[in-house]
Amino acid sequence: MGIRKKTNKNPPVMSHEFVIQNHADIVSCVAMVFLLGLMFEVTSKFAVLFITVQYNVTISTNGPEETAVNHFHHGIKDLATIFFYMLVAIIMHAIIQEYVLDKINRKKHFSKTKHSKFNESGQLSAFYLFSFGWGTSILLSENFLSNPVTLWEGYPHTLMPFQMKFYFICQLGYWLHALPELYFQKTKKEDIPRQLVYIFLYLVHIAGAYILNLNRLALVLLVLHYFVELLFHVSRLVYFSNENRQMGFTIWAVLFVLGRLLTLSLSVLTVGFGLATAENQGLDLAAGNFNVLLVRITVLAAICLTQAFMMWKFINFQLRRWREHAQAQTLKKKQVPSKSKSKKDKANGVNGVNSHAADSPRARKEKSS
């Protein structure tokens, strides 16, 4: 599958440049090996571990017509599935980059700084839009929004419907794929620490909620967070196309603060009050119950510290924007008087043009003669 655009210069095989140019093709071949494994009985059991969602539990519902409902819980085999969908995320990343973002970059002729930021916002906008739409459909189908009590009622929520478990598998696979992408995309050294921080935060929070069976709360918070982040990156894409269009950043700033408040409120309501007053208290690893004081305090502390860190970054971002705007206004004010002064000097004969040449002594002498 031709994903990356090949240059005329052929780098040495298995060199860094060769791997970077052809990483999507290499990853596609690795993913194809797992898919081909499904075709043979000897390897099908091994390939299924990577491709399909594991730990299926069938529950029969009581009613006039008895029906079987499939649910899933988490386990160590999920690591294999996450690895496979990490490969899928790398392939999708390359497709979006090659067939969408690179074509726009060639038309717009962005600078190197804008080029990297445009690629980042383009990739994240696609992911946030997909994750927000998918997560919202799960919330509506499971009635989590209409009945918020379900966020903590019946904990531990060890069993998940297929869509919810697959959602978390894909989330973990996507954020794990972001680590090798730092190498594949030749990320600048000064940008690597910033990206490692937010990748680490995503992985810790999503994996923590997945392991601690707080998947319902995590799903709600992820959908809320992804919506706000989607608005920011779409606004940045619009800004790159036309720097006068900055209304999106203002809307994002308001929703960002509201999103942090809603995140803290839902977290405290679910973990601090809902789980604290639940009947099922205690630590039981076999049953997946982590409803003890130490775990609740750790979860709330992690969420609060993350929200505080995000607000600190947000305030610094806004202050930098305000300083840049103030400097731009100051430069405009300095340029206006200089322009008006140059026009006045031109009218008074500056720059070799004398509007009162007829009143000079030489002109009067020539006139009298």
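Computed from a predicted structure; not experimentally measured.
The nearest pair of heavy atoms linking His74 to Tyr210 is CD2-O, 3.2 Å.
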>> As a quick check of understanding, evaluate ring pair (Phe, Tyr, Trp, His ring centres under 6.0 Å) for Trp134 and Tyr226, giving each step before the final call.
In response: CA-CA 11 Å; Trp134 189 8; Tyr226 284 164; over 10 Å; no

>> Would Phe132 and Phe227 count as a ring pair (Phe, Tyr, Trp, His ring centres under 6.0 Å) here? Give the steps.
In response: CA-CA 6 Å; Phe132 170 73; Phe227 174 73; 5.3 Å; yes

> Would His16 and Tyr183 count as a side chain to side chain contact (heavy atoms under 4.5 Å, CB included) if you check the C-alpha gap in whole Å, the side-chain angles of each, and the deciding distance to 0.1 Å?
Replying inline: CA-CA 9 Å; His16 289 290; Tyr183 170 72; 2.7 Å; yes

>> Please determine whether ring pair (Phe, Tyr, Trp, His ring centres under 6.0 Å) holds for the pair Tyr202 and His225, giving the CA-CA distance in whole Å, both sets of side-chain angles, and the decisive distance to 0.1 Å.
In response: CA-CA 11 Å; Tyr202 274 113; His225 176 74; 5.6 Å; yes

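Judged by distance alone, the side chains of Thr58 and Asn70 do bring a donor and an acceptor atom under 3.5 Å apart. Between the side chains of His93 and Tyr174, no donor N or O sits under 3.5 Å from an acceptor N or O. A donor atom on one side chain and an acceptor atom on the other are found under 3.5 Å apart for Asn119 and Gln97. No side-chain donor-acceptor contact under 3.5 Å links Glu279 and Tyr155. Counting only N and O atoms by type, the side chains of Gln171 and Ser131 include a donor and acceptor under 3.5 Å apart. Side chains of Arg323 and Gln318: a donor-acceptor N/O pair is absent below 3.5 angstrom, by distance only. If you check the side chains of His233 and Ser121, you find a donor sitting under 3.5 Å from an acceptor.
For residues 182-192, every residue pair satisfying the salt bridge (charged side-chain N to carboxylate O under 4.0 Å, His left out) rule, not counting sequence neighbours, is listed here: Glu17-Lys186. Contacts classified as side chain to side chain donor-acceptor pair (under 3.5 Å) and involving residues 288-312 (residues at least two apart or in different chains) are given here: His205-Thr306, Arg260-Gln307, Asn280-Asn289, Gln281-Arg296, Asn291-Arg296.
In this structure, CG in Asp78 is found 15.0 Å from CZ in Phe83, a value given to the nearest 0.5 Å. Leu35 contributes atom CG, which lies 10.5 Å from atom OG of Ser28 (distance to the nearest 0.5 angstrom). Here Leu179 contributes atom CG and Met86 contributes atom CE; the two are 9.0 Å apart, rounded to the nearest 0.5 Å. In this structure, Leu293 CG and Leu283 CG are separated by 12.5 Å, a value rounded to the nearest 0.5 Å. Interatomic distance, CD of Glu324 versus CG of Leu319, reported as 11.0 Å (0.5 Å rounding). Expressed to the nearest 0.5 Å, how far CG of Leu261 lies from CZ of Phe256 amounts to 10.5 Å.
When atom types are taken as modelled, the side chain of Ser125 and the backbone of Gly122 share no donor-acceptor pair closer than 3.5 angstrom. Looking at Lys103, its side chain never comes within 3.5 Å of a backbone N or O of Glu98 through a donor-acceptor pair.
The same ILVMFWY cluster, assembled from side-chain heavy atoms under 4.5 Å apart, contains both Met92 and Leu182. A continuous path of Ile, Leu, Val, Met, Phe, Trp and Tyr side chains, each step under 4.5 Å between heavy atoms, connects Phe118 with Val100, placing both in one hydrophobic cluster. There is a path of hydrophobic side-chain contacts, each under 4.5 Å, that joins Val299 to Leu285.
Here Trp175 and Phe127 bring their ring centres to under 6.0 angstrom of each other. A ring-centre distance under 6.0 Å is found for Phe314 and Trp252.
In Ile59, the CD1 atom is crowded: over 12 heavy atoms of neighbouring residues, nucleotides or ligands sit closer than 6.0 Å. Residue Phe317 qualifies as enclosed at atom CZ: its count of foreign heavy atoms under 6.0 Å is above 12. Other residues, nucleotides and ligands contribute only 12 or fewer heavy atoms inside 6.0 Å of the CZ atom of Phe200. Residue Met311 places its CE atom among more than 12 non-hydrogen atoms of other residues, nucleotides or ligands, all under 6.0 Å distant. Residue-environment remark: NZ (Lys117) stays at or below the threshold of 12 foreign heavy atoms within 6.0 Å.
A salt bridge links Glu120 and Arg194; the closest N-O separation between the charged side-chain nitrogens and carboxylate oxygens is under 4.0 Å.
Relative orientation of the Tyr55 and His73 rings is tilted, given thresholds of 30° and 60° on the angle between their planes.
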Please tabulate, one pair per line, all N/O donor-acceptor pairs under 3.5 Å involving side-chain atoms of residues 142-151, not counting sequence neighbours.
unit_1: Ser146; atom_1: OG; unit_2: Asn143; atom_2: O; d: 3.4
unit_1: Thr150; atom_1: OG1; unit_2: Asn147; atom_2: O; d: 2.7

